[in-house]
Amino acid sequence: MIERILPSGVAAAELFEDPPGLEPHPLEAPLVARAVDKRKREFVGARHCAREAMARLGVEPGPVLRGDKGAPVWPRGVVGSLTHCDGYRAAVVAYAMGVRSVGIDAEPHDGLPDGVLDHVSIPDERDWLAGGGLGDGVRSDRVLFCAKEATYKAWFPLTGRWLGFEDARITFVRDDAGGSGMSGTFRSTLLVPGDNPSGAPLTGFDGRWLVSDGLIVTAIVVS
Ligand SMILES: CC(C)(COP(=O)(O)OP(=O)(O)OC[C@H]1O[C@@H](n2cnc3c(N)ncnc32)[C@H](O)[C@@H]1OP(=O)(O)O)[C@@H](O)C(=O)NCCC(=O)NCCS
């Protein structure tokens, strides 16, 4: 599913249910030794996807540890992103020489729980939602949230800094291009300075979104 919103040059893997008997890599095991079963399964499932995606890219599959502020730690020369929610785990990886950063997110295609929207959106975005958002059949508030989380996951490895929900404005286009479900593009415009050690200041990111099979997925690939 997520491959439908990815450019060429990246590798992805996903799971819609957890295969029995999955275990963490021995170096990852201490990270979930005391975790509850749900956390263990999402952690291991996403990392199973990560190793499959690394193999597809042509990289020796290894452990994916957790680094600064929880960001995944990839082998040297590789960038990537992980996501997991009920009924879904995914990983996307790419060679760092072609891609600077990746951010992916997945959410169930339900409305946001009561009271959450005001905390994760800015007035412009709420006006857009009040005007109909992405239109019929799409839970636009949850797609907005999903795009914001992908934005943070793409931003953090480049800057090493926090980015709040009020620090980017997301605008969407729906094109339903290709295949089943609803889909389109989005632009995350940064509302804070995007200074970063690896190049010119960041001003925003371009991404794609897809709603299909009861799930929302978003992806940003920064070249
Ligand atoms: C970190 C965060 C984005 C994770 O999203 P989520 O929907 O809760 O969970 P997901 O399953 O989709 O993703 C979890 C994965 O994100 C990755 N992740 C966590 N922190 C990260 C960071 N700082 N940078 C990049 N990736 C990160 C990890 O791989 C994690 O999986 P793991 O815990 O198994 O290693 C979210 O919890 C959060 O803190 N959001 C606030 C920041 C934000 O979204 N700002 C909006 C800016 S517009």
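Indexing begins at 1, ligand by ligand and atom by atom, following the structure's order. All residue numbers refer to positions in the sequence shown, counting from 1.
- Heavy-atom contacts of Glu107 reach the following atoms of ligand 1: 7 (O) (cutoff under 4.0 Å).
- Ligand 1 places these atoms under 4.0 Å from at least one heavy atom of Ala168: 48 (S).
- For the side chain to side chain contact (heavy atoms under 4.5 Å, CB included) test, residues two or more places apart in sequence or in another chain that qualify with Pro63 are His25, Leu27, Glu28, Leu65.
- Contacts with ligand 1 closer than 4.0 Å are made by no heavy atom of Arg169, backbone or side chain.
- How far NZ of Lys153 is from CZ of Phe205: 14.0 Å, rounded to the nearest 0.5 Å.
- Annotation: cation-pi pair Arg47/Phe43 present, NZ/CZ under 6.0 Å from the ring centroid and within 45° of its normal.
- Taking each of Pro72, Gly70, Ser121 in turn, the one with a heavy atom nearest to atom 19 (C) of ligand 1 proves to be Gly70.
- Among Glu166, Glu42, Arg161, Lys153, the residue whose heavy atom lies closest to atom 4 (C) of ligand 1 is Lys153.
- Remark: ligand 1 atoms within the under-4.0 Å shell around heavy atoms of Thr83 are 10 (P), 11 (O), 12 (O).
- Contacts between Trp162 and ligand 1, counted as non-hydrogen atom pairs separated by less than 4.0 Å, involve the side chain only.
- Looking at residues two or more places apart in sequence or on another chain, you find a side chain to side chain contact (heavy atoms under 4.5 Å, CB included) between Thr171 and Arg187.
- If you look at Arg47 next to ligand 1, the close heavy atoms, those under 4.0 Å, all belong to the side chain.
- Results of the side chain to side chain contact (heavy atoms under 4.5 Å, CB included) test with Ser101 over Ser223, Pro157, Ser198 single out Pro157 as the only residue that passes.
- Those atoms of ligand 1 that come under 4.0 Å of a heavy atom in Arg39, given as number and element, are 32 (P), 33 (O), 34 (O).
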